[in-house]
Amino acid sequence: MASVERLWRDLMELATIGAGAGRGITRLAFSQDDLRAKMWVIERFKQAGLQVHQDSFGNVFARRPGRVAGPAVAVGSHLDTVVAGGKFDGALGVLAALEVARSWNESGLETELPLEIVVFAAEESARFGVSTLGSRAVTGQLNGGDLDTISDRNGVPLSRALEQAGFDPRSVASCVLPPGKYACFVELHIEQGPELERLGVPVGLVTGIAAPTRFRVTIEGTALHSGTVPMGRRRDALVAAAQLVEAVEAIALSERDHWLVGTVASVDVFPGSTNTIPGRVEMRGEFRSTSREVKDRAMDRFLTYCEEVRQTRGVTVEVSIVQRDDPTVMHEGLIEELERTCRELEVPYHRMPSGAGHDAMNMGKICPAAIIFVPSRGGVSHHPDEWTDQKDLAPGLAVLDRFLTRLTGAAVAKRPGIADLGDVTVGGRTDGHAIHSDGGLT
């Protein structure tokens, strides 16, 4: 049986990588601390007897063979963080998968299908403004041109960041997974919201993932002396930006019944001197929803408001879409199987959407995907105070362990309980594969 105590020790040890003098953990994508974290987990994969390889985008794969060659049941998450993030986001999914594989080895458990742990690179948007880059690469949603157009705030393009980290951006096409490689993908994650704690329920079963439309706005006014230009004759870029920040909030509030949220995450002001009227502002934000229609409507309203500000303020307003993702529905067959698993273990559960994005939304485009949530204290995440008690990890770990045991067709599993998952969609087509009660594929 997977040990929550050993999982906890791994989480706390990993949390020392990227923990600076201040609070929180910072492992930005392809940074030295991010690479150190990957090397740390690769070493533990090897200690567990797993077959490990890394692709040219920095995604890590650790395989536990089954009695047949494949397709494998995939499980995993990411290790990179936001600036001053927490100990559990992403890391839980990777280390829980490691603990399951380790415990299976210790008990001598044999499975029909292989189990493959995936550690995705660059899941967080903290560095490049675009999220889930590693899972985009393996699902064919990232091309060579993207590597030069996506850059961080220092102007470092993704291609150069990859080279600096020792990877080959010219080989990104080789990262795309072949059709049928995975039977399904499962991710254990903290909720990053308050719902499970509020309900007093230990496990959430994700029904769908909200997706963001991220945008960058550049506002150009005129930078003049702050003491000599009368108020009525100013073209203040920051005042115009303030109106746009308020517009994002107002639009999101007007659509809150449709689960829309809007955020302006950063505002950079130039030239930034106290005696100069701001002449240029660069801001980044997003709208996020489980409905593409609602999200698109919000973006259209924002663009209309940008035009109104341009006219009334006498500034120029340029808006570029950095990322536009579609909301993702998790696989109903897997959700139903998770429900059966929870009932077997007598673990209360709650079906729920995910407001945060995850690698599972990309993996769901090539195979059935599911996400298991455990509670987040106070709903806090992407913050040093992000926390889930050890006792609150135990039910999620137990569900993951039993669920993976059943899906891989382990010799000791209760095979009749495994549901028919239906056709697997691969690369926009149906290949007719389905997981059945014997753990095999048809």
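Counting from 1, the numbers follow the sequence of the chain as shown.
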Apply side chain to side chain contact (heavy atoms under 4.5 Å, CB included) to the pair Thr26 and Asp33, showing each step before the final yes or no. CA-CA 8 Å; Thr26 301; Asp33 283 328; over 6 Å; no
Apply the test side chain to side chain contact (heavy atoms under 4.5 Å, CB included) to residues Leu177 and Thr139: give CA-CA distance (whole Å), side-chain angles for both, the deciding distance (0.1 Å), then the verdict. CA-CA 6 Å; Leu177 297 172; Thr139 55; 5.6 Å; no
Audit row: Ser254, Arg301, side chain to side chain donor-acceptor pair (under 3.5 Å) steps and yes/no: CA-CA 11 Å; Ser254 71; Arg301 290 176 60 188; 2.8 Å; yes
Kindly indicate, with the supporting measurements, whether the criterion side chain to side chain contact (heavy atoms under 4.5 Å, CB included) is fulfilled by Ile372 and Val203. CA-CA 7 Å; Ile372 305 166; Val203 165; 3.9 Å; yes
Just do the side chain to side chain contact (heavy atoms under 4.5 Å, CB included) check on His350 and Phe373 with the steps written out, would you? CA-CA 9 Å; His350 173 59; Phe373 274 168; over 6 Å; no
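Under the ring-ring contact (aromatic ring centres under 6.0 Å, His included) criterion, Phe215 pairs with Phe287, Phe302, sequence neighbours left out.
When side chains are defined from C-beta on, Val380 does not count as touching Trp387, because their heavy atoms never get closer than 4.5 Å. Using a 4.5 Å heavy-atom cutoff, the side chains of Val374 and Leu196 are not in contact. In this structure the side chain of Leu158 never reaches within 4.5 angstrom of the side chain of Asp146, judged on heavy atoms. For the pair His331/Cys184, no side-chain contact is recorded, criterion being any heavy-atom separation below 4.5 Å from C-beta on. Taking the side chain as every heavy atom from C-beta outward, His358 and Gln192 approach each other to under 4.5 Å. Side-chain atoms of Glu191 and Glu197, non-hydrogen and from C-beta on, never get closer than 4.5 Å to each other. Annotation: side chain of Thr81 is not in contact with side chain of Asp89 (no heavy-atom distance under 4.5 Å). No side-chain heavy atom of Gln243 sits under 4.5 Å from any side-chain heavy atom of Glu308.
Considering CG of Leu7 and CE of Met12, their distance stands at 8.5 Å, rounded to 0.5 Å. Leu260 CG to Leu253 CG: the interatomic distance, rounded to the nearest 0.5 Å, is 9.5 Å.
A distance-only check finds a donor-acceptor pair linking the side chain of Asn143 to the backbone of Gly145 [under 3.5 Å]. Judged purely by atom type and a 3.5 angstrom limit, Asp401 uses its side chain to pair as donor or acceptor with the backbone of Ala2. Remark: the backbone N or O of Val322 is not paired with any side-chain donor or acceptor of Arg216 at under 3.5 angstrom. Formation of a donor-acceptor pair under 3.5 Å by the Thr207 side chain with backbone atoms of Met352 is found in this model. Remark: the backbone N or O of Ser174 is not paired with any side-chain donor or acceptor of Ser171 at under 3.5 angstrom. No side-chain donor-acceptor contact under 3.5 Å links Thr132 to the backbone of Ser135. Looking only at distances, a side-chain donor or acceptor of Gln323 sits under 3.5 Å from a matching main-chain atom of Ser131.
What you find for Val347 and Pro202 is that their closest heavy atoms are CG1-CG, 3.9 Å. Nearest heavy atom pair, residue Tyr305 against residue Leu244, reads CD2-CD2, 3.7 Å. When all heavy atoms of Pro348 and Val201 are compared, the pair lying nearest together is O-CG1, 3.6 Å. Heavy atoms only, all atoms of each residue included: His258 and Ser289 are closest at O-OG, 3.5 Å. Nearest heavy atom pair, residue Ala252 against residue Val261, reads CB-C, 3.9 Å. A pairwise comparison of heavy atoms in Glu187 and Ala360 identifies OE1-N, 3.3 Å as the closest pair.
For the side-chain contact (heavy atoms from CB on, under 4.5 Å) test with Val217, the passing option among Arg284, Glu318, Met283 is Met283; the others fail. Considering Asp385, Asp389, Asp392 as possible partners of Arg377, the one that fulfils the salt bridge (charged side-chain N to carboxylate O under 4.0 Å, His left out) test is Asp389.
Atom CZ of Arg6 is surrounded by more than 12 heavy atoms from other residues, nucleotides or ligands within 6.0 Å. In Gln47, the CD atom is crowded: over 12 heavy atoms of neighbouring residues, nucleotides or ligands sit closer than 6.0 Å. Heavy-atom contacts from other residues, nucleotides or ligands closer than 6.0 Å to CD of Glu106 number more than 12.
Ring centers of His78 and Phe120: at least 6.0 Å apart, outside the cut-off. Residues Phe403 and Tyr349 place their aromatic rings such that the two centres sit no closer than 6.0 Å.
Side-chain N/O atoms of Arg153 and Ser266 include a donor and acceptor closer than 3.5 Å.
Taking 4.0 Å as the cut-off between side-chain N and carboxylate O, Arg136 and Asp325 count as a salt-bridged pair. Between Arg127 and Asp34, none of the side-chain N atoms (NZ, or NE/NH1/NH2) sits under 4.0 Å from a carboxylate O, so this pair counts as no salt bridge.
Judged by the 6.0 Å distance and 45° axis criteria, Arg36 is not positioned over the aromatic ring of Trp40.
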